[in-house]
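Written out below as structure tokens is the structure these notes cover.
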Amino acid sequence: MLWTAIGCLIAGVLVMIGMFWWQGVAIKSPEQWARFNRWRIWLMVVYLLLFMAAAVLFLVW
């Protein structure tokens with residue numbers, strides 16, 4: 001269970017870093033910016049759920 005919590009934490013950080021990187025690239029082009037804005041809310045939900053899962057697994061462990 002500890003390794004799953006660590007994996008969720010690492011995956012959440014990677015999704016968050018990837019989102020910031022994509023934002024930096026997408027801001028230069030209006031069509032890429034529109035595509036990024038369509039996916040931004042889903043990426044935020046994914047890393048929020050991963051962080052919450054990591055927290056719950058750490059508490060249960």
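For the single chain, residues carry numbers from 1 onward in sequence order.
- Hydrophobic clustering of Ile, Leu, Val, Met, Phe, Trp and Tyr side chains at less than 4.5 Å, counting indirect connections, unites Ile10 with Phe20.
- Considering all non-hydrogen atoms of both residues, Leu43 and Val15 come closest at O-CG1, 3.9 Å.
- Tracing side-chain contacts under 4.5 Å through hydrophobic residues (I, L, V, M, F, W, Y), one reaches Trp21 starting from Ile41; they form part of the same cluster.
- Applying the side-chain contact (heavy atoms from CB on, under 4.5 Å) criterion to Val56, with sequence neighbours excluded, gives Val60.
- Contact annotation: the side chain of Leu14 never approaches that of Tyr47 to less than 4.5 Å [non-hydrogen atoms, C-beta and beyond].
- By the side-chain contact (heavy atoms from CB on, under 4.5 Å) test, Val45 pairs with Leu49, sequence neighbours left out.
- Here the CG atom belonging to Asn37 is positioned 12.0 Å from the CD atom belonging to Gln32, to the nearest 0.5 angstrom.
- When the side-chain contact (heavy atoms from CB on, under 4.5 Å) test is applied to Ala5, the partners found at least two apart in sequence or on another chain are Leu57, Phe58.
- Within the model, atoms CH2 of Trp33 and CH2 of Trp22 stand 10.5 Å from one another, a figure rounded to the nearest 0.5 Å.
- Placement of Leu59 and Leu50 in two distinct hydrophobic clusters is found when ILVMFWY residues are connected by side-chain heavy-atom separations under 4.5 Å, directly or transitively.
- Exactly one of Leu2, Thr4, Leu9 qualifies for a side chain to side chain contact (heavy atoms under 4.5 Å, CB included) with Ile6. That residue is Leu2.
- Met52 and Trp61 are members of different hydrophobic clusters when ILVMFWY side chains are connected at heavy-atom separations under 4.5 Å.
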Practice item. Start with the C-alpha distance between Met19 and Met16, add both sets of side-chain angles, then the distance that settles side chain to side chain contact (heavy atoms under 4.5 Å, CB included), and finish with yes or no. Key: CA-CA 5 Å; Met19 192 178 96; Met16 189 170 59; 5.7 Å; no

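- Heavy-atom contacts from other residues, nucleotides or ligands closer than 6.0 Å to CH2 of Trp39 number 12 or fewer.
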